[in-house]
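Naming convention: chains lettered A, B, ... in sequence-line order (proteins, then strands); numbering from 1 in each chain.
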There are 2 protein chains.
Amino acid sequence: MPRPMTRIQIRNSETILEAALDVFSAHGFRGATLDQIAEVAGLSKPNLLYYFPSKEAIHRTLLTRLLSTWLDPLRDMDAAGDPVAEVMGYMRRKLELSRDYPRESRLFAIEILQGAPRMREAIEGELTALVAEKAKVLQHWMDEGRIARLDPVHLVFSIWALTQHYADFDVQVRAVLGSGHDPYAEAGAFLETLYARLLAP
Amino acid sequence: MPRPMTRIQIRNSETILEAALDVFSAHGFRGATLDQIAEVAGLSKPNLLYYFPSKEAIHRTLLTRLLSTWLDPLRDMDAAGDPVAEVMGYMRRKLELSRDYPRESRLFAIEILQGAPRMREAIEGELTALVAEKAKVLQHWMDEGRIARLDPVHLVFSIWALTQHYADFDVQVRAVLGSGHDPYAEAGAFLETLYARLLAP
DNA sequence: GCAAGATCTGACCATTTGGTCAAAACCCCT
DNA sequence: AGGGGTTTTGACCAAATGGTCAGATCTTGC
């Protein structure tokens with residue numbers, strides 16, 4: 001019987017999740033402290049725990065919200081569209097996600113890196129099922145000779161790896177590029193070329 | 001005046017670093033505890049601190065050792081060799097590093113993800129310099145028309161991203177592939193194709 | 001066999017941290 | 001204005017954690 005949230009509840013829950021995203025994505029679950037999150041959120045620690053039952057619950061809420069955002073672009077890959085354009089579009093949207101939501105990307109990366117202790121079922125269920133479905137679409141396109149024949153799952157991995165790299169390894173990317181660069185603009189051009197050559201039948 | 005290490009010192013230092021690699025790569029710096037490391041090493045906590053002055057020192061030692069191993073394959077890319085073979089060889093060696101030293105890969109990834117708090121200078125110095133040097137070599141090959149014209153730094157990024165993905169996101173890779181797969185063998189074949197098409201002049 | 005040094009440990013400490021609770025402050029409706 | 005529910009907080013805990021230290025135990029060169 002979930003009674004409706006008051007305006008204050010909505011506002012504060014959001015504030016807390018926003019602050020928690022900041023802190024968790026920068027320090028990992030164990031490295032983040034409730035005091036830090038409270039500080040960033042501008043609330044007292046007991047007040048956080050009035051809105052969420054535990055540190056773990058805050059983290060879990062963030063991950064759950066994240067997953068659907070993360071998978072949406074892949075879901076949008078349309079079996080009825082033009083194959084090369086669809087794959088390119090997916091890559092583009094994923095790169096934009098890295099650019100616009102780097103904290104989310106890092107939160108996800110840290111979770112997977114540490115063995116996905118709080119996301120195992122989601123990874124093994126929802127994500128795996130979606131990839132399997134889209135791999136079938138890609139395979140179909142390959143069988144029709146509309147894109148080059150490749151391992152479709154590893155093709156998806158390559159898009160994940162190449163786009164998330166720019167969010168997750170941001171510090172390294174910027175250090176190596178030096179100043180006066182727009183990493184995401186350059187990455188967009190590079191990846192466009194890469195997939196154009198890779199996918200050409 | 002660093003007096004030579006006794007046999008026991010060498011053995012125990014190694015044991016500790018090995019255990020610490022296990023624990024740090026699985027839980028991050030903050031998430032790892034000295035008790036855990038001591039447990040894995042089969043030593044008492046005060047004994048760890050007899051060999052290393054602090055938790056931080058253990059971590060720092062691991063990172064320092066790691067960096068040179070990590071950069072060696074890139075260093076080996078030979079300006080005098082055959083361009084395509086050299087880039088392919090680098091990719092191969094980097095993939096083997098992911099396969100054979102996944103803990104090291106994850107340790108490094110976690111450090112960069114969190115903003116490289118203990119590796120900043122190494123990233124900005126040694127790594128950046130090496131990439132700049134090798135980018136020049138790649139550029140030269142492109143100017144000679146021996147490999148396709150691409151942004152050389154982003155080409156290096158792509159190798160990092162695509163190879164490290166298999167170590168860092170191992171859980172996800174295995175979940176999505178399901179059983180009965182050899183991720184690294186498949187990745188090797190996929191990446192061979194990818195770079196063959198990308199680099200062809 | 002024995003001293004001198006190296007190695008190891010139990011007991012301990014201060015701090016940090018996730019979480020609790022009773023009471024205070026606040027908000028909103030009539 | 002006032003009362004009932006909502007929100008907020010200071011004070012407090014217990015457990016975990018990095019680190020210390022005095023002394024016990026083991027090695028090693030002679």
Side-chain angles (χ1 to χ4, degrees), chain A residues 1-64 107 110-111 114 117-118, chain B residues 1-64 107 110-111 114 117-118:
Chain A
M1 207 73 51
R3 62 185 56 187
M5 277 182 142
T6 68
R7 236 170 310 131
I8 294 180
Q9 276 168 345
I10 292 171
R11 172 169 49 79
N12 282 354
S13 297
E14 277 323 303
T15 306
I16 291 168
L17 288 173
E18 168 67 22
L21 177 57
D22 242 50
V23 179
F24 280 133
S25 70
H27 304 290
F29 179 75
R30 194 60 169 20
T33 73
L34 286 177
D35 288 290
Q36 259 179 107
I37 298 172
E39 162 99 31
V40 174
L43 298 171
S44 68
K45 183 169 63 166
N47 208 6
L48 293 199
L49 294 164
Y50 173 71
Y51 289 101
F52 292 89
S54 68
K55 182 184 178 183
E56 172 113 19
I58 301 176
H59 193 251
R60 201 177 287 280
T61 304
L62 282 174
L63 286 181
T64 304
L107 184 73
I110 292 179
E111 176 68 12
Q114 308 198 340
R118 292 160 234 280
Chain B
M1 206 72 52
R3 65 183 55 189
M5 278 181 141
T6 68
R7 238 169 312 133
I8 293 182
Q9 275 168 346
I10 292 171
R11 173 168 51 80
N12 283 353
S13 297
E14 277 323 303
T15 306
I16 291 168
L17 289 173
E18 169 66 21
L21 177 57
D22 241 50
V23 179
F24 280 133
S25 70
H27 305 290
F29 179 75
R30 195 66 170 14
T33 73
L34 285 178
D35 289 290
Q36 260 179 107
I37 298 172
E39 162 99 30
V40 174
L43 298 170
S44 69
K45 182 169 63 167
N47 207 7
L48 293 200
L49 294 164
Y50 173 71
Y51 289 100
F52 292 88
S54 67
K55 181 184 178 183
E56 172 113 19
I58 301 176
H59 193 250
R60 202 177 288 280
T61 304
L62 281 174
L63 285 181
T64 305
L107 183 73
I110 292 178
E111 176 68 12
Q114 307 198 343
R118 292 160 235 280

- Message: On a heavy-atom basis, which atom in B:Y51 and which in B:S13 lie closest, and how many Å separate them?
- Response: CD2-OG, 4.2 Å

- Student check: side-chain heavy atoms of A:L43 and A:I37 closer than 4.5 Å: no

Donor-acceptor contacts under 3.5 Å from residues 17-27 of chain B side chains, at least two apart:
residue	atom	partner	partner atom	Å
B:E18	OE2	B:R103	NH1	2.9
B:E18	OE2	B:R103	NH2	3.3
B:D22	OD1	B:R103	NH1	2.5
B:S25	OG	B:L21	O	2.7
B:S25	OG	B:D22	O	3.2
B:H27	NE2	B:Q36	OE1	3.4

- Positions of residues 13-21 of chain A (non-hydrogen atom under 4.0 Å from DNA chain C), listed by number: none

- Message: With side-chain contact (heavy atoms from CB on, under 4.5 Å) as the criterion, how do B:N12 and B:L48 come out once you've worked through the C-alpha distance, each side chain's angles and the decisive distance to 0.1 Å?
- Response: CA-CA 9 Å; B:N12 283 353; B:L48 293 200; over 6 Å; no

- Query: Which pairs count as salt bridge (Lys or Arg N to Asp or Glu O under 4.0 Å) when at least one residue sits in residues 23-34 of chain B, sequence neighbours excluded?
  - Reply: none

- Positions of residues 25-34 of chain A (non-hydrogen atom under 4.0 Å from DNA chain C), listed by number: A:A32, A:T33, A:L34

- Query: Rounded to the Å, how far apart are B:F52 CZ and C:dC8 C1'?
  - Reply: 16 Å

- Side chain of B:Y50 - closest among D:dT7, C:dC8, C:dG18: C:dC8

- Non-hydrogen side-chain atoms of B:H59 and B:L107 separated by less than 4.5 Å: yes

- Message: Can you tell me which nucleotide in C:dG18, D:dT8, D:dG19 comes closest to the side chain of B:K55?
- Response: D:dG19

- Task: Would you indicate, yes or no, if C:dT7 has its OP1 or OP2 atom less than 4.0 angstrom from a side-chain nitrogen or oxygen of B:N47?
- Result: no

- Message: Contact between A:I110 and B:Q114 at the side-chain level, heavy atoms closer than 4.5 Å - yes or no?
- Response: yes

- Query: Partners of B:R11 by salt bridge (charged side-chain N to carboxylate O under 4.0 Å, His left out), sequence neighbours excluded?
  - Reply: none

- Footprint string (nucleotides 20-27 of chain D, 5' to 3'): B base within contact, S backbone only, - free, heavy atoms under 4.0 Å: BB------

- Item | Sequence neighbours excluded - side-chain hydrogen bond (donor to acceptor under 3.5 Å, both in side chains) pairs with any residue from residues 41-50 of chain A | none

- Query: Backbone N or O of A:R118 within a donor-acceptor pair of the A:E111 side chain at under 3.5 Å?
  - Reply: yes

- Note on the structure: Rounded to whole Å, the CZ-C1' distance (A:R11 to C:dC27) equals 12 Å

- Specify the separation, in whole Å, of atom CG of A:D35 and atom P of C:dG19. 12 Å

- Is any side-chain N or O of B:N12 closer than 4.0 Å to OP1 or OP2 of C:dC8? yes

- Message: For a quick test of reading the model: is some side-chain N or O of A:Q9 closer than 4.0 Å to OP1 or OP2 of D:dT7?
- Response: yes

- Note on the structure: From CD of A:Q36 across to P of C:dT17 the rounded distance in Å is 8 Å

- Task: Name all residues meeting the salt bridge (charged side-chain N to carboxylate O under 4.0 Å, His left out) criterion together with A:E39; count only those two or more places apart in sequence or in a different chain, and write none if there are none.
- Result: none

- Taken to the nearest whole Å, CD/B:E39 to P/C:dT9 is 13 Å

- Task: Let me know the distance between CD of B:E56 and P of D:dG18, rounded to the nearest Å.
- Result: 12 Å

